[in-house]
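In what follows, a structure is listed as structure tokens, so that the remarks can point back to it.
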There are 2 protein chains.
Amino acid sequence: MTETGDAVEHWLRGRVPERGLKPKAAAVLEVLLSQPRRACFGSAADLAELAGVNVATVTRTAQALGFAGWPALQQELRARYLSSLSASDVAEHHEVSGSPALASLHRDLDGIGALARRVAEVDVAGLATAIASAGRTLVVAKGSYAAVGAALTHNARLAGYPVELASDDADLANALARLGEGDVLLAISFWRLYQSTVLATEQAHARGARVFVLTDVADPALVRTAEQVLLVPAEGVAFFPSLTPGLALAQAVVAQLAAVDPARTRAHIEAAEAQWLRLGLLHRQPRRP
Amino acid sequence: MTETGDAVEHWLRGRVPERGLKPKAAAVLEVLLSQPRRACFGSAADLAELAGVNVATVTRTAQALGFAGWPALQQELRARYLSSLSASDVAEHHEVSGSPALASLHRDLDGIGALARRVAEVDVAGLATAIASAGRTLVVAKGSYAAVGAALTHNARLAGYPVELASDDADLANALARLGEGDVLLAISFWRLYQSTVLATEQAHARGARVFVLTDVADPALVRTAEQVLLVPAEGVAFFPSLTPGLALAQAVVAQLAAVDPARTRAHIEAAEAQWLRLGLLHRQPRRP
DNA sequence: ACAAATTCGCAATGACCATTGCATTTTCGC
DNA sequence: GCGAAAATGCAATGGTCATTGCGAATTTGT
């Protein structure tokens, strides 16, 4: 019996090469699965001692599992293990109370929590795959929720994918004229539904593009031409809807997109960051992990 | 659940010596509390960068708090943070599917959860009050995180406050020329720090405006002129930082702003919505609560 | 049984880490 | 304003880390 959840174990065992692992490497794997906290925080030497192997074997086992080395494996384990611990901590329903600011944050936690619980039904991977294989992707997002479109577009472009944002009607008209078979249109709409967004989905569909919708309300006019609708809660407090769950989902889409071809994503980001350094606009640019 | 967050903060603040901590050491403490995940895993150098201090100050702060050094403090933080996560999760070890999208959502839940637990310490009301009483408010937000600035600006304007966004240098130069006593500058900065954002805070301060900062990293150049710094975790998954906690806090600021004078806010929103109806651009406009 | 291939341990190596002495800067008290 | 004390930055230093080349041990195939 191991201490990790089935999913983490399933994932890790799925990375074992076809030829299998020899006894010492298998012992390392066993320690990772049976002592997840040590795996998350311990040094390679620490784990080696637990497994009764030399530290080099820990590195080599990580490499056999498809990682660059121990730190890369540990980071992934850490992310998965902590994610499994924390999700239900904050995903529970909150009573909206206290200061308006706290109420707002709690409402957002509820919204994202609900999204996380339903994410298996929301086919994020389907949208990410569509963007990855599209000739070009047009993101339509207007008004205040252009922010969500901008965030998604920015990161997707950074990852090297041909994604553009249309947040006003002139941009939209020009971009639609270039859309066709093999392209993707992603319509982002919360709260108010712009007539021009509806028309854009119809036009894109008529031109042979695939239509996806990210919205809080599946208005029939908006979803009529969509092959997929990603529903997101957008309830805020006081007078305003909240864009936070929408943004969280947009980022989740890009996280999934980045995982389609990680090497490509990394290469594009590094190239972009080299340009940033050359332009000298920044006071500070942190290193990426 | 909320109690566990307060408990870690209460415990840590209880270790502050009677003579208190000076600004740099206090910044370290603030980072430990506002970014618990980084505190658990990061090196002393990493935390120093977030706090805008030298690495030696991290060690000395740990010693001032009664620990032998940074590793001892980190181990205790780690134990308490993990304990706070698992205490409310005793029976239900959450299963993680392993999808990048779900990991992204869980990371955002972590970030906003950490923010919600500390919201009493983050003086959101102070910033909201400053905006409410300012002659004008300039929000400086560039690159991908202009999205956060745009969302805050949009809603604040809807509520009838004179808030404008500067997301490029021309806008920024023009807007700064009009800033003076009684005005507010809010600098929003995540990940990369633009030199022009730093210069904007200095200029605004020199012209007599009040400076506020919303950021993940307390870079000394950015916070030097600020009367208040709102720290937000911005850790994402894969290759990208996450804007979700920043957006959630921006919305929380506006929720607090709306509560300063609810009748005024409602009147302005209704007037704006009447205009929307007159312009006839929408396919659908839901009624507000 | 032998040779080749693979696995694994040892140890050198370079990178990164935390700590601390010294110098500089800032703060405090008079 | 000045001097002393405290805070903080810089950089040297020793320690630990992960990785990898080489050789030893083990396994595999003929």
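In the text below, chain A, chain B and the rest are named by the order of the sequence lines, each starting its count at 1. Excluded from the calculations below are hydrogen atoms, water molecules and symmetry mates; all remaining heavy atoms, backbone and side chain alike, are included.
Glu76(A) contributes atom CD, which lies 5.5 Å from atom CZ of Phe67(A) (distance to the nearest 0.5 angstrom).
Remark: Asn54(B) is not in phosphate contact with dT8(D), judged by side-chain N or O atoms under 4.0 Å from OP1 or OP2. Between Gln63(A) and the phosphate of dT20(D), there is a side-chain N or O to OP1/OP2 separation shorter than 4.0 Å. Of the side-chain N and O atoms in Thr57(A), one or more sit less than 4.0 angstrom from OP1 or OP2 of dG9(C).
In this structure, the CZ atom of Arg224(B) is 17 Å from the P atom of dT8(D), given to the nearest Å. Remark: P of dC16(C) and CG of Leu47(B) are 18 Å apart, rounded to the nearest angstrom. Atom CG in Leu73(B) sits about 12 Å away from atom P in dA18(C), given to the nearest Å. We find that CD of Glu49(A) is positioned 14 Å from P of dT16(D), with the value rounded to whole Å. What separates NZ of Lys24(A) from P of dT27(D) is a distance of 10 Å, to the nearest Å. Distance, Asp46(B) CG to dC17(C) P: 9 Å, rounded to whole Å. Protein atom CZ of Arg60(B) is 12 Å distant from nucleotide atom C1' of dA11(D), rounded to whole Å.
When each of Ala56(A) and Arg19(A) is assigned the nucleotide of DNA chain C with its nearest heavy atom, Arg19(A) is the one assigned upstream, toward the 5' end. Along DNA chain C, the nucleotide nearest to Lys22(B) and the one nearest to Gln74(B) differ in position, and the one closer to the 5' end is contacted by Gln74(B).
Residue Val58(B) is classed as having no contact, given no heavy-atom separation below 4.0 Å to the nucleic acid. Thr59(A) comes within 4.0 angstrom of a base, heavy atoms only. Ser43(B) comes within 4.0 angstrom of the backbone, heavy atoms only, and of no base.
Here the side chain of Gln35(B) pairs no donor or acceptor atom with the backbone of Val217(B) at under 3.5 angstrom.
Using a 3.5 Å distance cut-off with no hydrogens or angles, the side chains of Lys142(B) and Ser196(B) do pair a donor with an acceptor. Side-chain contact check for Ser104(B) and Gln251(A): no donor-acceptor pair (N or O, by modelled atom type) lies under 3.5 Å.
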Salt bridge (charged side-chain N to carboxylate O under 4.0 Å, His left out) evaluation trace for Arg207(B) with Asp183(B): CA-CA 9 Å; Arg207(B) 304 180 68 90; Asp183(B) 293 338; over 6 Å; no

